[in-house]
Amino acid sequence: MLFVEQKDFVWGLIASMYLGNLVGLIVVLTTVPLFASILRIPFSIIAPVIVVICAIGAYTVHNAMLDIWFMLGFGVVGYIFKKLDYPLAPLVLALVLGDKAEDSFRQAMLVSQGDLSIMWANPLVGSITTLALVMLLWPLLSKLMAWMRQPKGDAVAAQRPAN
């Protein structure tokens, strides 16, 4: 009905999107050398600038110093994850889908009155829940299985110095 009753508005909106994309393309192509020159700045100079800009942004959201402490704390957690070669994709996925998953879990618990057996009440839901739990615990299970398979005598022999 919008196309029938307000066709001037709709086609004007579509034309403005095309024009906006064209202007955006021109702006991006003309500023590529500027952004490429930023890469030549040493990290020791640019890192403090990034931290200050992040702190200003964190502070301006609620005007609270607690937000800056959260920023620094999560920065330390991110540094630890980077040093431990923790993959970034699952963290981003958890950040994006975490709220929806939590809302859905809360709704399931309200419907079932707190009974976790609702997660296995249906074969499809039960298999998905089991698969999710196995994937969650897989690193721990694989290390446990590797430790159990390792012969105890070989571990002692491998630690002795060769003569």
Side-chain angles (χ1 to χ4, degrees), residues 17 20-21 23-112 114-160:
M17 285 198 273
N21 283 331
V23 170
L25 178 68
I26 292 169
V27 168
V28 167
L29 289 178
T30 56
T31 57
V32 163
L34 172 69
F35 292 132
S37 66
I38 291 175
L39 294 174
R40 291 189 213 123
I41 299 173
F43 185 74
S44 60
I45 294 172
I46 199 108
V49 173
I50 292 172
V51 170
V52 167
I53 291 172
C54 289
I56 291 170
Y59 184 77
T60 56
V61 173
H62 295 118
N63 292 336
M65 193 65 185
L66 181 66
D67 292 340
I68 294 178
W69 289 112
F70 276 139
M71 179 202 75
L72 293 173
F74 282 111
V76 169
V77 169
Y79 178 76
I80 291 169
F81 280 171
K82 184 173 177 99
K83 286 296 180 187
L84 295 175
D85 291 331
Y86 205 85
L88 186 62
L91 291 174
V92 172
L93 191 64
L95 185 66
V96 171
L97 297 178
D99 289 340
K100 296 261 187 211
E102 186 177 350
D103 290 341
S104 297
F105 180 74
R106 186 179 297 117
Q107 183 179 10
M109 289 296 100
L110 286 172
V111 168
S112 70
D115 187 17
L116 280 175
S117 66
I118 196 170
M119 299 297 177
W120 287 274
N122 181 329
L124 176 64
V125 176
S127 61
I128 291 172
T129 302
T130 304
L131 182 64
L133 288 173
V134 167
M135 288 183 352
L136 178 69
L137 298 174
W138 185 254
L140 181 64
L141 292 173
S142 63
K143 286 182 181 180
L144 183 65
M145 288 188 301
W147 180 76
M148 289 174 60
R149 285 188 196 141
Q150 181 182 7
K152 302 299 180 206
D154 288 348
V156 174
Q159 291 177 355
R160 288 189 199 141

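The two residues V49 and I45 come nearest to each other via the heavy atoms CG2-O, 3.5 Å. Listed here is the closest heavy atom pair of A108 and I118: O-CD1, 4.2 Å.
A 6.0 Å sphere centred on CE of M145 holds more than 12 heavy atoms belonging to other residues, nucleotides or ligands.
For the side chain to side chain donor-acceptor pair (under 3.5 Å) condition, no pair includes a residue of residues 71-95, sequence neighbours left out. Every pair tested for side chain to side chain donor-acceptor pair (under 3.5 Å) that includes a residue from residues 32-59 fails, sequence neighbours excluded, so the list is empty.
With sequence neighbours excluded, the residues satisfying side-chain contact (heavy atoms from CB on, under 4.5 Å) with L116 are F105, M109. Looking at residues two or more places apart in sequence or on another chain, you find a side-chain contact (heavy atoms from CB on, under 4.5 Å) between L29 and L25. Residues meeting the side-chain contact (heavy atoms from CB on, under 4.5 Å) test with A64, sequence neighbours left out: H62, D67. Taking the side chain to side chain donor-acceptor pair (under 3.5 Å) definition, one finds that T31 meets it with nothing, sequence neighbours left out. Qualifying side-chain contact (heavy atoms from CB on, under 4.5 Å) partners for I80, counting only residues two or more places apart in sequence or in other chains: V76, L84. Remark: D103 pairs with R106 by the salt bridge (Lys or Arg N to Asp or Glu O under 4.0 Å) rule, at least two apart or across chains.
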For a quick test of your reading: what N or O donor-acceptor pairs under 3.5 Å do the side chains of residues 124-144 make, sequence neighbours left out?
from: S127; atom 1: OG; to: P123; atom 2: O; distance (Å): 3.2
from: S127; atom 1: OG; to: L124; atom 2: O; distance (Å): 2.8
from: T129; atom 1: OG1; to: M119; atom 2: O; distance (Å): 3.2
from: T129; atom 1: OG1; to: V125; atom 2: O; distance (Å): 2.8
from: T130; atom 1: OG1; to: W120; atom 2: NE1; distance (Å): 3.0
from: T130; atom 1: OG1; to: G126; atom 2: O; distance (Å): 2.8
from: S142; atom 1: OG; to: W138; atom 2: O; distance (Å): 3.1
from: S142; atom 1: OG; to: P139; atom 2: O; distance (Å): 3.0

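How far CG of L93 is from CG of L88: 11.0 Å, rounded to the nearest 0.5 Å.
For T60 (side chain) and G57 (main-chain N/O), a donor-acceptor pair under 3.5 Å exists by modelled atom type.
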